[in-house]
Amino acid sequence: MKFANIIVDISLEKLDRTFQYRVPEELQGILKEGMQVRIPFGNGGRTLTGYVLELTDTCEWDEKKLKPILGLAEKGIRLEGQLIALAAWMRRTYGSTMNQALKTVLPVKKSVQEKISRKVRLAVTREEAEAALAEMERKHQTARVRIIKALLEQTVQDMDYAAAQKELGLTAATARKLMELGLIRIESDTIFRNPVRPSEVQAHPFTLYPAQQAIVEDVAARAAAGDLRPSLIHGVTGSGKTEVYMELIAAVLEQGKEAVVLIPEIALTFQTVLRFYRRFGDQVSIIHSKLSAGERYDQFERARRGEVKVMIGPRSALFTPFPRLGVIVIDEEHEGSYKSENAPRYHAREAAIERARMCGAFVVLGSATPSVDSYERTKEGLYRLYELPLRVENRAMPETEVVDLREELRMGNRSIFSARLKELMEDRLRKGEQIMLFLNRRGYAGFVSCRACGHVIKCPHCDVSLSLHHGGRMVCHYCGYQTVQPKKCPSCGSAYIGAFRAGTQQVAEAAAKTFPGARILRMDFDTTRQKGGYERILEAFSKKQADILVGTQMIVKGHDFPGVTLVGALAADLSLYAGDYRAAERTFQLLVQAAGRAGRGTTPGTAVIQTYSPDHYSIETAADQDYKAFFEKEMAFRRMMNYPPAAHLMALYLMSEDEEALNRGAVRLKALAMSHTRQEIALIGPSDAGLSKLKDVYRKVLYLKCTEMNYLTEWKGWLEAVLPKEKQLSTFNIQFDMDPVNPF
DNA sequence: AGCACGCCGACT
DNA sequence: GTCGGCGTGCTC
């Protein structure tokens, strides 16, 4: 192999193409695809790192002009060829540069564990700078004057380098000259994050129930017969899915292959990880987002060398460089955290299926409340469905009661707790049993609803709830439709209409007031901020150091508290009207998972769902714990509105700090989109994003809807090609999101 | 990103 | 004419 196609590792993604280099004698036979190398680049003779994407004998360029590879990069980071192919697939499917895709798949992920920000500041006193400024003004050095003036005008000491580039047109040449003159300094900060330590190991006896055994045997038989379709295990909470995963993994390990287990977030399923440790001992390793670059690299290196056979972690564990990957398990496959929030915005489920396809592995998905997308695929025959409808040891499913909050209001009860919930709480406190209060707050903006009749103001075009923005405007996040907030309920005329807002703090305070003497713990984003915050609160609650645990969705996911016999979902509507098409699905999932927390021990449990919309199908079906009924209703809605999985929805996110420019850009992008669209594609928007401004960056979104994924991918490719030529659009950040899961 | 090249206004 | 800044385009 005489030549190598190399992608240059430059932080700016403008260089999204490969360059060809000569492979020198000393690297013949040593150089492999995926290796990181040192290469000369540009006229200045500077040396950069790059990744070998391909080795070839054909020269696509003037052979005399080819430069040689200088050598291997010091760490000699090596990416499996298969992972390069996966990166290429991700780039194509989800839209990003090859560099971004490679960095997602790479063992060391710069963007996560290391954050560098560059600052510009004056290196001289104000007086000296002013003197220099006068001199420069005399010489008409416009660019330098612009920068120095800006630095003198601002009150803070330093200025963000990226901001200076954007707003002041600071170029590298000007910065260099000013540095040479000693007028400014460029400083960079590096922030590292700390690791957490693993846990102890114990032996553990193991037997499967017949229902579990049947699944294991069938999946194994199908895999042996070459049927590698993904399997979806729909098993109620407490039905023993984890044992099934472990048995399947054990079989794969026996064949000398390896396994990847994806879980939503390490801290949330610590108990699960412990079970894997007990079963497989030190063949198991964990990676998570808090590992440092070195630790993460070491974990992947151990996996490559075969010291580790089972890798557990969040979605990035998917890129573990196992040489003979046999199975990928995705637990809680419906979880939104499997969708990446950065380009490429890949879905770990789809990426896992693609990786498995490449290496002949099989994929096992599991959930008590499968995503509508996955369940629909079992109906289409693309995935194989397995069911575990009963809890192990035939433990009872929790009893569920729905409380109509409109009724409570009519009875004069305006507190957070309904009469029924209060009564049950008193009962549990008397018996010394534990209670979980769950507030499913989600999304960014509040929706507007009537407290008297439960009516929710919806978009007349999109069938999602309108979100309340500042100044009493109600906005649809899909089409941009706007209207003012009514004073009276349009349905019943009541004046009790407004945005629904409540926090865990208010709930904890109300609980303390209503039940004096009860020991209350609160768990939400604020109280878990500090390191180990999660573990501390969960441990305290499991040791029965508290009677009531108040929290957001994080308390309902994956924890087993045998002492809990009552779960209260305080306002189911909070997630129901989040303003995106997946709101009903998320609500159903949250309510079922919450109810599943009750009665995990031997005493049966009760779940109380408080809502203003007791007739909404997601609440009715959650109360009945009837997944199939929910699925049918939800799928009918998706089909009617052409939302995924009935069709594909591609979002284009536009971001800019300049609101005016963004508005103009959005109009231009729409025009551009229309110029190449086809009949099958529906264009929606542009409209404000759900979070229309984040950290001073304005956000807009344009949607493309189409039943054919191929058409959207093709359209995306076209836009990616023409975008660099668009002057008006080149200044802001544009990202693609195929089949978005989480509100933007 | 960083470097060369070439255009264009200002100064001797 | 020359000097030097600033925008543009290219990098195997």
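By convention in this document, chain letters (A, B, ...) are assigned in the order of the sequence lines, proteins followed by strands, and residues within each chain are numbered from 1.
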K.L.:
So, does A:Lys67 get its side chain near the phosphate of C:dC12, meaning an N or O under 4.0 Å from OP1 or OP2?
P.N.:
yes
K.L.:
Does A:Trp61 stack onto the base of C:dC12, taking stacking as ring centres under 5.5 Å apart and planes under 30° apart?
P.N.:
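It does: the two rings, one from A:Trp61 and one from C:dC12, meet the stacking criterion.
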K.L.:
Could you tell me whether A:Phe41 contacts a base, only the sugar-phosphate backbone, or nothing, with contacts defined as non-hydrogen atoms closer than 4.0 Å?
P.N.:
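Base contact.
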K.L.:
Contact class for A:Gln141 (heavy atom, under 4.0 Å): base, sugar-phosphate, or nothing?
P.N.:
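Here A:Gln141 touches the backbone only, sparing every base.
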K.L.:
Can you check whether A:Lys339 reaches A:Asp737 side chain to side chain, under 4.5 Å on heavy atoms?
P.N.:
yes
K.L.:
Atom CZ of A:Arg46 to atom P of B:dA1: distance rounded to whole Å?
P.N.:
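So the two atoms are 10 Å apart, to the nearest Å.
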K.L.:
Specify the separation, in whole Å, of atom CD of A:Glu60 and atom P of C:dT11.
P.N.:
15 Å
K.L.:
Will you find, in the side chains of A:Arg345 and A:Ser96, an N or O donor that is under 3.5 Å from an N or O acceptor?
P.N.:
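On atom types as modelled, these side chains do not qualify, holding no pair under 3.5 Å.
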K.L.:
In whole angstroms, how far is the C1' atom of B:dG2 from the CG atom of A:Asn43?
P.N.:
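Answer to the nearest Å: 10 Å.
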K.L.:
Would you kindly give the NZ-to-P distance between A:Lys177 and C:dC6, to the nearest whole Å?
P.N.:
10 Å
K.L.:
Just wondering, do A:Tyr51 and A:Leu106 contact through their side chains at under 4.5 Å, heavy atoms?
P.N.:
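Yes, side chains in contact.
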K.L.:
Give the rounded distance in Å between these two atoms: CG of A:Asp9 and P of C:dC12.
P.N.:
16 Å
K.L.:
Run the numbers on A:Thr320 and A:Arg304 for side chain to side chain donor-acceptor pair (under 3.5 Å), then give the verdict.
P.N.:
CA-CA 8 Å; A:Thr320 308; A:Arg304 191 204 309 282; over 6 Å; no
K.L.:
Given C:dC6, is OP1 or OP2 found less than 4.0 Å from the side-chain N or O atoms of A:Thr142?
P.N.:
yes
K.L.:
Could you check how far NE2 of A:His140 sits from P of B:dC8, rounded to whole Å?
P.N.:
18 Å
K.L.:
Does any part of the side chain of A:Phe41, heavy atoms only, come nearer than 4.5 Å to the side chain of A:Arg46, both counted from C-beta?
P.N.:
yes
K.L.:
With a cut-off of less than 4.0 Å, is there a side-chain N or O of A:Arg144 near OP1 or OP2 of C:dG5?
P.N.:
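Yes.
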K.L.:
Starting from P on B:dA1, measure out to CG on A:Leu48 and report it in whole angstrom.
P.N.:
12 Å
K.L.:
Round to the nearest Å and state the distance from A:Ile39 atom CD1 to B:dA1 atom P.
P.N.:
17 Å
